[in-house]
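Side chains included, hydrogens not; waters and symmetry mates left out as well; all remaining heavy atoms used. Lettering of chains follows the sequences in order, A, B, ..., and the numbering in each one begins at 1.
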Protein chains: 2
Amino acid sequence: MTTDPPRPPPYLRIAAEIRDRVESGALRPGDRVPSTRAITQEWGVAMATATKALATLRQEGLVRAVPGVGTVVVERERVRSPRAPGDPMRGEPALSRRRIIGTAIELADSEGLGALSMRRVATALSTSTMALYRHVPGKAELVRLMSDAVSGEEPMGAVPADWRAGLEHAARWMWRANGRHPWLATAMASFTRPAPAPDAMAYTEWVLHALRRTGLSPFAMMHCHLTLFAYVQGLAVAADLESQARQDTGLSDEEWLARNEPQFGAIVAGGAYPLLNTLFTQDEFDLDLDTLFEFGLRLTLDGIAAMIDETSA
Amino acid sequence: MTTDPPRPPPYLRIAAEIRDRVESGALRPGDRVPSTRAITQEWGVAMATATKALATLRQEGLVRAVPGVGTVVVERERVRSPRAPGDPMRGEPALSRRRIIGTAIELADSEGLGALSMRRVATALSTSTMALYRHVPGKAELVRLMSDAVSGEEPMGAVPADWRAGLEHAARWMWRANGRHPWLATAMASFTRPAPAPDAMAYTEWVLHALRRTGLSPFAMMHCHLTLFAYVQGLAVAADLESQARQDTGLSDEEWLARNEPQFGAIVAGGAYPLLNTLFTQDEFDLDLDTLFEFGLRLTLDGIAAMIDETSA
DNA sequence: ACCTGAACACCGTTCAAGT
DNA sequence: ACCTGAACACCGTTCAAGT
């Protein structure tokens with residue numbers, strides 16, 4: 001009795017076929033490769049297999065996930081072009097802390113903090129893993145440096161005279177930073193042990209400055225700041241989980257809901273959740289995190305306003 | 001020229017010496033082993049080395065970290081005693097989904113979600129890693145099952161007539177759950193893609209019920225719920241990071257601050273952060289997360305109250 | 001001075017083989 | 001039917017060796 005020759009698993013076969021299309025030029029840099037859904041239909045495989053096939057190609061660096069667009073063939077020219085984010089400036093050494101941080105941010109932006117590894121950063125910089133340790137003490141500190149770096153990307157501007165305008169501005173600024181870098185909320189240091197990070201401290205200083213004429217005590221000012229900050233962080237973590245889920249599964253919110261509807265239906269049909277049921281069946285209801293952000297921002301600021309009124313009364 | 005015989009790294013030498021004390025009976029089950037700080041003094045090593053030595057012993061299962069107490073020798077009798085959390089009930093199969101979840105929760109409680117691995121859960125249950133996959137599809141789903149399980153630990157009770165009393169109760173209930181299980185906030189599913197988890201849905205239903213007589217629209221009710229939820233989650237993630245930092249470094253908040261004071265001082269001394277400086281030098285100021293929780297809870301509920309007033313006016 | 005390769009002690013998960 | 005062991009493709013980090 002002879003055994004069959006070992007055949008590669010389906011996900012590797014699919015990855016190989018897509019790789020061929022890229023190498024033959026059928027798919028060119030910047031082009032979208034088949035989505036996970038397209039793969040399930042074209043090859044007749046399960047979603048998990050399709051996801052793994054794309055993950056393999058991402059791992060190879062042949063394609064990358066672009067949030068909101070899909071998975072596209074990497075543009076190799078761009079990676080090598082002068083002054084791409086990870087490239088050295090004139091006169092700068094080939095490898096520097098700045099370049100390492102920049103490359104790590106790019107990686108975390110496009111694939112999430114879970115995909116960030118020292119080995120992958122090193123590969124993207126065409127160097128050995130251990131060379132990185134000459135510039136950063138380890139991964140934990142690299143992540144801290146990353147969050148500090150993105151905190152300095154957009155200037156916060158002048159502090160308005162009106163405290164409410166100030167806090168609104170600061171919260172939206174933070175929300176935008178989290179939008180650009182979904183991993184930021186997860187990477188953020190704890191409140192009670194703020195790493196000595198100048199940019200993070202600048203944010204707190206800015207907010208305290210906005211509150212300085214409210215008549216609140218330093219204690220209340222700091223606690224108002226942290227309440228708003230915790231709210232933004234909590235929402236940002238949720239947004240990160242969502243964008244991560246979208247990338248991992250390749251499903252949009254609607255597709256995901258359609259897929260899970262039977263299970264929700266079964267639970268809700270039990271009659272135990274009448275109010276949730278009302279919301280679900282009322283199908284004008286779909287949740288948008290930006291809308292929710294503004295809703296909760298207003299709520300929190302109204303709460304602070306009530307406290308200020310009380311204090312000054 | 002002869003080479004020295006290879007010597008074990010210091011952290012292994014220290015771990016071996018502590019192990020000897022346990023095996024000789026000098027340290028008995030339940031006793032505290034030397035803290036990281038004690039190790040740095042007794043052996044004259046750096047904090048990192050001390051931390052690694054304890055991590056090695058934890059890894060072996062010889063000791064475990066008890067939050068607020070220190071690292072103690074495990075009580076082997078207790079682990080084997082009938083009806084310890086991970087043990088089978090009479091008539092229950094040796095390995096079950098229930099037991100796996102229970103053991104995983106114990107592990108995450110005492111060492112954090114980062115220390116949770118399928119291999120370690122299997123070892124704690126005296127089985128092979130792959131036997132777990134007969135009961136749970138993978139690690140991601142195990143974590144989801146864990147968070148659903150702890151959501152059902154404490155009954156929420158009857159919904160009060162007063163919406164504000166209701167929301168306070170719910171928020172504190174959630175905050176307590178996060179206190180028992182610091183990893184909960186990080187593990188929590190995203191808002192827009194709630195996994196079909198009955199217990200998590202029960203929480204939302206409870207809160208919506210508390211708000212049913214406020215005159216708010218279903219949209220506003222759901223958004224009020226999510227605003228408060230995001231706030232609690234954001235604070236809980238910070239609390240988790242803090243308890244994690246306390247365990248990783250073996251430093252209490254005060255010790256940590258003392259250690260980092262020079263760096264903060266250098267940054268603040270630049271004069272760029274006058275308000276922060278005022279807070280830091282005013283040394284009656286120390287941050288307590290439970291105090292902050294109640295402060296922000298009141299603020300958020302005041303904001304919701306303002307919205308309800310407006311709606312009913 | 002700077003970088004590399006091999007090694008160590010881990011991961012989650014697949015698969016074929018055992019009882 | 002249930003469990004195991006080996007293997008694969010990863011991790012972060014240490015250390016000794018290279019240029």
Side-chain angles (χ1 to χ4, degrees), chain A residues 1 3-4 6-13 15 45-46 48-49 51-53 55-61 88 92-97 99-100 104 107 111-123 125-144 248, chain B residues 3-4 6-13 15 46 48-49 51-53 55-61 88 92-97 99-100 104 107 111-123 125-144 248:
Chain A
M1 197 168 138
T3 54
D4 285 333
R7 294 202 316 141
Y11 81 93
L12 281 182
R13 218 186 61 233
V45 293
T49 308
T51 305
K52 278 194 70 174
T56 303
L57 295 170
R58 265 211 312 272
Q59 191 69 34
E60 292 171 4
E92 207 184 4
L95 205 56
S96 68
R97 175 173 275 213
R99 285 194 71 207
I100 292 170
L107 224 168
E111 298 187 46
L113 212 51
L116 181 72
S117 76
M118 299 302 274
R119 279 167 168 91
R120 290 197 61 187
V121 172
T123 304
L125 286 163
S126 309
T127 185
S128 75
T129 308
M130 293 320 299
L132 304 180
Y133 284 80
R134 202 154 280 281
H135 300 91
V136 292
K139 190 186 178 183
E141 177 65 6
L142 173 57
V143 171
R144 209 199 57 68
D248 289 352
Chain B
T3 53
D4 285 331
R7 294 200 317 137
Y11 81 93
L12 281 182
R13 218 186 60 234
T49 308
T51 306
K52 278 195 68 175
T56 303
L57 295 171
R58 265 210 312 271
Q59 191 70 33
E60 291 171 5
E92 206 184 7
L95 205 56
S96 69
R97 175 174 274 213
R99 284 194 73 206
I100 292 170
L107 223 168
E111 299 188 43
L113 212 52
L116 182 73
S117 75
M118 300 302 275
R119 279 168 170 89
R120 289 197 62 188
V121 172
T123 304
L125 287 164
S126 310
T127 185
S128 75
T129 308
M130 294 320 300
L132 304 180
Y133 284 81
R134 200 154 280 282
H135 301 90
V136 293
K139 190 186 177 182
E141 177 64 4
L142 173 57
V143 171
R144 207 198 58 65
D248 289 353

S.K.: If you look at every strand shown and take non-hydrogen atoms under 4.0 Å, does L116(A) touch a base, only sugar-phosphate, or nothing?
M.R.: sugar-phosphate
S.K.: Is there any protein nitrogen or oxygen under 3.5 Å from a nitrogen or oxygen in nucleotides 4-8 of chain D, and what are the pairs?
M.R.:
| from | atom 1 | to | atom 2 | distance (Å) |
| --- | --- | --- | --- | --- |
| dT4(D) | OP2 | T127(B) | OG1 | 3.0 |
| dT4(D) | OP2 | S128(B) | N | 2.9 |
| dT4(D) | OP2 | S128(B) | OG | 2.7 |

S.K.: Does anything in residues 128-141 of chain A form a side-chain hydrogen bond (donor to acceptor under 3.5 Å, both in side chains)? List the pairs, not counting sequence neighbours.
M.R.: E141(A)-R144(A)
S.K.: Roughly how many Å is it from CE in M118(B) to P in dC3(D), rounded to a whole number?
M.R.: 14 Å
S.K.: How close or far is atom P of dC3(D) from atom NE2 of H135(B), stated in whole angstroms?
M.R.: 6 Å
S.K.: If we take the P atom in both dA9(D) and dA9(C), what is their distance in whole Å?
M.R.: 22 Å
S.K.: Would you kindly give the CD-to-C1' distance between E141(A) and dT13(D), to the nearest whole Å?
M.R.: 16 Å
S.K.: Once you round it to whole Å, what is the distance between C1' of dG12(D) and CZ of R120(A)?
M.R.: 16 Å
S.K.: Atom CD1 of I100(A) to atom C1' of dC2(C): distance rounded to whole Å?
M.R.: 13 Å
S.K.: Taking only residues two or more places apart in sequence or in another chain, which ones pass side chain to side chain contact (heavy atoms under 4.5 Å, CB included) with S117(A)?
M.R.: R119(A), R120(A)
S.K.: If the condition is side chain to side chain contact (heavy atoms under 4.5 Å, CB included), which residues does T123(B) pass it with, not counting sequence neighbours?
M.R.: none
S.K.: Find the runs of at least 3 consecutive base pairs, i with j, i+1 with j-1 and so on, that include DNA chain D, using Watson-Crick or G-U wobble geometry with both distances under 3.5 Å.
M.R.: C:4-8 with D:12-16, C:12-16 with D:4-8
S.K.: To the nearest 0.5 Å, what is the distance between CE (M118(A)) and CG (L116(A))?
M.R.: 8.0 Å
S.K.: With the side chain counted from C-beta on, respond yes when L125(B) and L132(B) share a heavy-atom pair under 4.5 Å apart, and no when they do not.
M.R.: yes
S.K.: Using atom CG of L125(B) as one end and atom P of dC2(D) as the other, report the distance to the nearest whole Å.
M.R.: 17 Å
S.K.: Any side-chain N or O of Y133(A) less than 4.0 Å from the OP1 or OP2 oxygen of dT14(D)?
M.R.: no
S.K.: Over all heavy atoms of both residues, which pair between A115(B) and L107(B) is shortest? Give the atoms and the distance, please.
M.R.: O-CD2, 3.8 Å
S.K.: Under 4.0 Å, heavy atoms only, any strand: does L132(A) hit a base, just the sugar-phosphate, or nothing?
M.R.: nothing
